[in-house]
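Residue indices begin at 1 and follow the sequence shown. Indexing begins at 1, ligand by ligand and atom by atom, following the structure's order.
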Amino acid sequence: MRYVMLLGMLATLLAGSSAAQAAETLPRPQGPVLLKVSGKIEQTNVDGEAHFDRQMLEALGKASFTTGSALTDKKQLFEGVSLRAVLERAGAKGSSMQASALNNYKIQIPLDDMKYEPIIAMRVDGQVLKLRDKGPLWIVYPRDAYPELQAQIYDSRWIWQLNKLHVE
Ligand SMILES: Nc1nc2c(c(=O)[nH]1)N[C@H]1C(S)=C(S)[C@@H](COP(=O)(O)O)O[C@H]1N2
Ligand SMILES: [Mo]
């Protein structure tokens, strides 16, 4: 069973491009669902939505950068998955999305923001994000790399405890 899973992961890696992955149907999540993507999407696996567990998110490939934030000038290493890759895997077709969090915070994010390559961080400075430290999922922008991102409008899109993306 483990062996079959490994072969599957290897095949996914070899398939390489996200276009090749997007053509495959989304498997059902095996572990706890961390993120639900709904709305204008072409890939679904549970009740007309695209649900992702940790392993499914990690299978989309790693993305990371070091940056300061609105909260701290201290630079931190954020590691996770490309937000663009998650949207592509769900076959998102909209122009915007409403991101929501476990604490019911909601914020609108234009899909045009993907040009900045924001990530869904799952680790900060090597530590897996727990609920108590803004995890398990936290949208993070490469704030230090683009002066225009050092603004309240983008800081408000750094949504922590992210659990839902509704594509519009
Ligand atoms: N889940 C969640 N994410 C959130 C918020 C929130 O209230 N809940 N506040 C947002 C806002 S408005 C900003 S400016 C940044 C930093 O918020 P803070 O200064 O309140 O920590 O996080 C954003 N992410
Ligand atoms: Mo804010």
Every pair of nitrogen or oxygen atoms between ligand 1 and the protein that is under 3.5 angstrom apart - can you list them with their distances to 0.1 Å?
unit_1: ligand 1; atom_1: 1 (N); unit_2: N103; atom_2: OD1; d: 3.1
unit_1: ligand 1; atom_1: 1 (N); unit_2: W160; atom_2: O; d: 2.8
unit_1: ligand 1; atom_1: 3 (N); unit_2: W160; atom_2: N; d: 3.2
unit_1: ligand 1; atom_1: 8 (N); unit_2: N103; atom_2: ND2; d: 3.1
unit_1: ligand 1; atom_1: 24 (N); unit_2: W158; atom_2: O; d: 2.9

Of the non-hydrogen atoms in M97 and L83, which two are nearest, and what is the gap between them?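 Where M97 meets L83 most closely, the heavy atoms are CE-CD2, 3.7 Å.
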Listed partners of K130 passing salt bridge (charged side-chain N to carboxylate O under 4.0 Å, His left out), at least two apart: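 Counting only residues at least two positions away or on another chain, K130 forms no salt bridge (charged side-chain N to carboxylate O under 4.0 Å, His left out).
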Could you tell me whether the side chains of Y105 and Q161 share a donor-acceptor contact shorter than 3.5 Å?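 No, no side-chain donor-acceptor pair sits under 3.5 Å.
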Aromatic Y154 / basic R157 pairing, under 6.0 angstrom, 45° off normal: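 Output yes; distance and angle both within limits.
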Using only atom types and a distance under 3.5 Å, with no angle test, would you say the side chain of N163 pairs donor to acceptor with the backbone of L35?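 Flag not set: sc N163 to bb L35 has no pair under 3.5 Å.
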Could R84 and E117 be called an ion pair, given the rule that one side-chain N must be under 4.0 Å from one carboxylate O?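 Answer for the salt bridge query: yes.
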